[in-house]
Amino acid sequence: MKRVKYEADVEPEALAVFREGVLDWYRTHGRDLPWRKTRDPYHILVSEIMLHQTTVTTVEPVYREFLARFPTIQALAQASLADVKAITDPLGYKVRGRWLWEIAQEVVRRYDGVVPDRLDDLLALPGIGRYTAGAILSFAYGQDAPILDTNVKRLLGRYFRLEYRTTRAEILHQLWALAEAVIPPGQAADFNQGLMDMGAMVCTARRPSCTICPLWAYCGVHHDEADRAAEEPWQYRVRPRA
DNA sequence: AACACGGGGCG
DNA sequence: CGCCCAGTGTT
């Protein structure tokens with residue numbers, strides 16, 4: 001049984017099951033979310049910033065209100081910061097209003113109003129880290145870019161069961177390598193969405209639904225050994241509540 | 001490698 | 001009441 005090293009080398013069978021399982025499950029059980037009906041980079045950007053550490057149900061109404069008020073990135077750039085914050089502040093993490101506002105100005109001035117489609121350009125914008133950049137590149141531009149949010153960390157960490165005796169930074173490095181390696185070429189958009197839905201709806205933080213999980217056969221953590229997996233190195237733990 | 005940021009939902 | 005939520009910037 002080969003373990004995951006720094007560069008993701010995974011068993012071909014486990015990888016194939018993982019890819020097909022995630023894609024199939026997403027197509028039949030995936031959530032119907034407003035930001036999945038569009039490929040507009042501006043809309044994707046707004047949703048992703050709002051979704052930082054914030055639940056889908058909380059974001060949905062604010063997302064709609066925000067786009068109704070600022071339909072284009074030009075409209076956002078011309079608005080007052082106070083008007084922007086009035087909509088986004090109730091979400092918490094109040095800096096995100098300023099981030100969106102500053103991003104809009106920068107994109108309009110430097111990129112002619114077009115959200116960049118290159119990783120380095122995206123990372124240079126305020127509030128856009130590697131996750132958000134990957135989300136924009138895959139969801140809006142269809143590139144095979146990896147994402148690693150709390151859902152994907154948990155799903156990958158459990159399924160591929162990384163080596164435990166290592167530092168947090170190394171684990172993160174391994175997870176990013178995995179997130180990139182598992183992408184079925186040309187299908188990152190659907191696949192990445194599927195990863196997050198699986199993490200949010202099946203491979204949940206507490207009491208994961210292993211019995212209905214399409215990945216169960218090759219998963220590194222079966223539900224009946226959840227106790228032994230109580231030490232999850234990427235931060236979260238399986239808690240089989242009595 | 002930690003810590004701050006934050007309101008809301010759930011058991 | 002504690003844990004968790006489509007993370008990022010700062011120290």
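Note on naming: letters A, B, ... go to the chains in the order of the sequence lines (proteins, then strands), and numbering restarts at 1 for each one.
Annotation: the span from A:Tyr141 atom OH to A:Ile44 atom CD1 amounts to 10.0 Å, rounded to 0.5 Å. If you take CD1 on A:Ile136 and CD on A:Gln143, they are separated by 11.0 Å, rounding to the nearest 0.5 Å. Taking CZ of A:Arg96 as the reference point, atom CD of A:Gln53 lies at 9.0 Å (rounded to 0.5 Å). Taking CD1 of A:Ile147 as the reference point, atom CG of A:Asn192 lies at 4.0 Å (rounded to 0.5 Å). Remark: A:Arg98 CZ to A:Leu100 CG distance equals 11.0 Å, nearest 0.5 Å.
The side chain of A:Arg206 lies closest to B:dG9 when the candidates are B:dG6, C:dC5, B:dG9. When the nucleotides C:dA6, C:dC5, B:dG9 are ranked by their closest atom to the side chain of A:Val56, C:dA6 comes out on top.
Phosphate proximity of C:dT8 to A:Thr132: present, with a side-chain N or O under 4.0 Å from OP1 or OP2. Checking the phosphate oxygens (OP1, OP2) of C:dA6, no side-chain nitrogen or oxygen of A:Thr150 falls inside 4.0 Å. For A:Arg207 and B:dC10, the shortest distance from a side-chain N or O to OP1 or OP2 is not below 4.0 Å.
One interatomic measurement links the two molecules: CD1 of A:Ile49 to C1' of C:dA6, which rounds to 11 Å at whole-angstrom precision. The nearest whole Å value for the distance from the CG atom in A:Leu91 to the P atom in C:dT8 is 16 Å. Rounded to whole angstrom, the span from the CG atom of A:Leu51 across to the P atom of B:dG7 amounts to 18 Å. The CG-C1' distance, from A:Leu33 to C:dA6, rounds to 10 Å in whole Å. Rounded to an integer number of Å, the gap from A:Leu156 CG to C:dA6 P is 15 Å. Summarising the geometry, the separation between CZ on A:Arg98 and C1' on C:dG7 is reported as 15 Å, rounded to the nearest angstrom. Residue A:His52 contributes atom NE2, which lies 7 Å from atom C1' of C:dT8 at whole-angstrom precision. Rounded to whole angstrom, the span from the CD atom of A:Glu60 across to the P atom of B:dG9 amounts to 13 Å.
If you chain together hydrophobic residues whose side chains sit under 4.5 Å apart, A:Phe139 and A:Tyr26 never meet in one group.
Between A:Phe70 and A:Val46 there is no side-chain heavy-atom pair separated by less than 4.5 Å.
Side chain of A:Thr204 to backbone of A:Met201: no donor-acceptor contact under 3.5 angstrom is found.
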Sort me out a list of protein N/O and nucleotides 2-5 of chain B N/O pairs below 3.5 Å, or just none if empty.
residue : atom : partner : partner atom : Å
B:dC5   : N3   : A:Tyr93 : OH           : 3.1

Below 3.5 Å is the cut-off: list the nitrogen or oxygen pairs between protein and nucleotides 9-11 of chain C, distance only.
residue : atom : partner  : partner atom : Å
C:dG9   : OP1  : A:Gly127 : N            : 2.8

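Across the P atoms, C:dA6 and B:dA2 are found 24 Å apart, a figure rounded to whole Å. The gap from the P atom of B:dC3 to that of C:dC3 amounts to 15 Å, rounded to the nearest Å. The separation of B:dG6 from C:dC1, taken at their P atoms, amounts to 22 Å, rounded to a whole angstrom.
For a distance-only test at 3.5 Å, the side chain of A:Thr58 fails to qualify as a donor-acceptor partner of the base of B:dG9.
Between A:Phe18 and A:Tyr159, the ring planes lie tilted relative to each other; the angle falls in the 30° to 60° range.
When the nearest nucleotides of DNA chain C are assigned to A:Gly199 and A:Trp176 by heavy-atom distance, the more 5′-ward of the two goes with A:Gly199.
Salt-bridge check for A:Arg110 with A:Asp121: failed, with every basic side-chain N at 4.0 Å or more from each acidic carboxylate O.
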